[in-house]
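Below is one structure; the comments refer to it alone.
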Amino acid sequence: MGAVNSVLGPVDAGALGFTLAHEHVLLSSAGIRHVYPEFIDRAAIVRDAAEHLSECRAEGLGTLVDVTTMDLGRDAELLAEVSERSGVNIICATGTWRDIPRAFWEADPDDVAALYVREIEEGIEGTGIRPGIIKVANDAEGVSPEGEVILRAAARASRATGTPISAHSWAPGRVGEAQIAVLSDEGLDMGSVYIGHSNDTTDMDYLTGLGRAGVWIGMDRTPGAPIREAPSAEERTRTLWALIEAGLAGRVMVGHDWSIHIGTAGEATRRAYAAHNPDRFLYITRRQLPRLRELGASERDIRLITVDNPRRFFGG
């Protein structure tokens, strides 16, 4: 297998182990840690994240994919410290989420792609830490003109470097189909594309369509956010089982879309968020996988969605 960039250096894809495909350690906003560093208690976040991920490692976690981009307050050095302390591989992201800088709105995709390529090949902000995933995002608005710039830039950076793409999507609006159309138009191999948040719907016609298109299906909002109308945790698990029954276990990856610290939310929201999922990054291991086994999933199925598929996605 090929090597994938982690925050501590290249890791053989075959050594990733049990992988959570879409997570966050710290969510904030672009520039906050540089301009207003007192707004973020980085030391406390590092301690909390390292302690929790050490617990996760003891329960089998090998790798966490942190898809926090520059516009979400990405802090690559914080991730490296957490990875070193916990022993969990962390793969960080280049690319752009929904807070697309205005300077990119009418940019040539080639110019934006060059920025992503530079980070992949040289490192982030002079740290030498190289991302292993390219993040893009389109939500309920669909693929907006500025969102299309980012999609095309990501596709070109992916083709230039072999780095796969992780797409934040809006499953209730079947936005993954529009993302696939743009990425396909760029000549990108759909085997390097992951359509995230696909378990925000129970629409099996849409989900099996993603599988037929050849992308990876991200069942990665688990147990789901407490502040948004969406399928319940049980519905999400049953939908995952339905995909396995439909023969798509080999196209699925899982995650929580959870964060150790959400700097983009107020205190009341953070309390509700924490109370909703006290297991944090261990919910899938402790709650969802046992329920999948009850529904009929085999150990081979579980290994596919947690170990083998991430290895293939990153390793080619």
Are any of the side-chain nitrogens in [X] or [Y] under 4.0 Å away from the carboxylate oxygens of its partner?
X      : Y      : answer
Arg221 : Glu235 : no
Glu51  : Arg47  : no
Glu234 : Arg291 : yes
Glu148 : Arg152 : yes
Arg156 : Glu186 : yes

query = Hey, do the aromatic rings of His261 and His24 have their centres closer than 6.0 Å?
reply = no
task = Kindly state whether the ring of Tyr283 and the ring of Trp258 have centres lying under 6.0 angstrom apart.
result = no
Ignoring hydrogens and geometry, is there a side-chain-to-backbone donor-acceptor pair from [X] to [Y] under 3.5 Å?
X      : Y      : answer
Arg312 : Gly250 : yes
Thr63  : Leu16  : yes
Ser184 : Ile180 : yes
Asp41  : Ala44  : yes
Arg293 : Ser298 : no
Arg311 : Gly17  : no
Arg130 : Glu119 : no
Asn309 : Leu304 : yes
Arg33  : Asp75  : no
Thr127 : Gly123 : no

Under 6.0 Å from the [atom1] atom of [X], do we count more than 12 heavy atoms belonging to anything else shown?
X      : atom1 : result
Arg102 : CZ    : no
Glu294 : CD    : yes
Arg57  : CZ    : no
Arg159 : CZ    : no
Glu84  : CD    : no

Quick check: do [X] and [Y] have side-chain heavy atoms less than 4.5 Å from each other?
X      : Y      : result
Met219 : Arg236 : no
Arg287 : Pro223 : no
Ile120 : Thr94  : yes
Leu243 : Ile217 : yes
Leu20  : Leu61  : yes
Trp97  : Thr68  : no
Asp66  : Glu23  : no

Distance only, no hydrogens: is a donor on one side chain within 3.5 Å (strictly under) of an acceptor on the other, for [X] and [Y]?
X      : Y      : result
His34  : Glu125 : yes
His256 : Asp220 : no
Tyr273 : Ser259 : no

Compile the donor-acceptor pairs under 3.5 Å between side chains in residues 170-178 and protein atoms, sequence neighbours left out, one pair per line.
from, atom 1, to, atom 2, distance (Å)
Arg174, NE, Glu177, OE1, 3.3
Arg174, NE, Glu177, OE2, 3.2
Arg174, NH1, Asp203, OD2, 2.9
Arg174, NH1, Asp205, OD2, 3.4
Arg174, NH2, Glu177, OE2, 2.9
Arg174, NH2, Asp205, OD2, 3.0

Value rounded to 0.5 Å, distance of CD1 in Ile134 from CG in Leu151 = 11.5 Å
request  = Look at the aromatic rings of Tyr194 and Phe313 and report parallel, tilted or perpendicular, splitting at 30° and 60°.
outcome  = tilted
Derivation of the salt bridge (Lys or Arg N to Asp or Glu O under 4.0 Å) call for Arg280 and Asp48 = CA-CA 12 Å; Arg280 303 201 284 180; Asp48 187 16; 3.1 Å; yes
request  = Please report the C-alpha distance between Thr222 and Asn199 in whole Å, then the side-chain angles of each, then the deciding distance to 0.1 Å, and finally whether the side-chain hydrogen bond (donor to acceptor under 3.5 Å, both in side chains) criterion is met.
outcome  = CA-CA 8 Å; Thr222 305; Asn199 61 348; 3.2 Å; yes
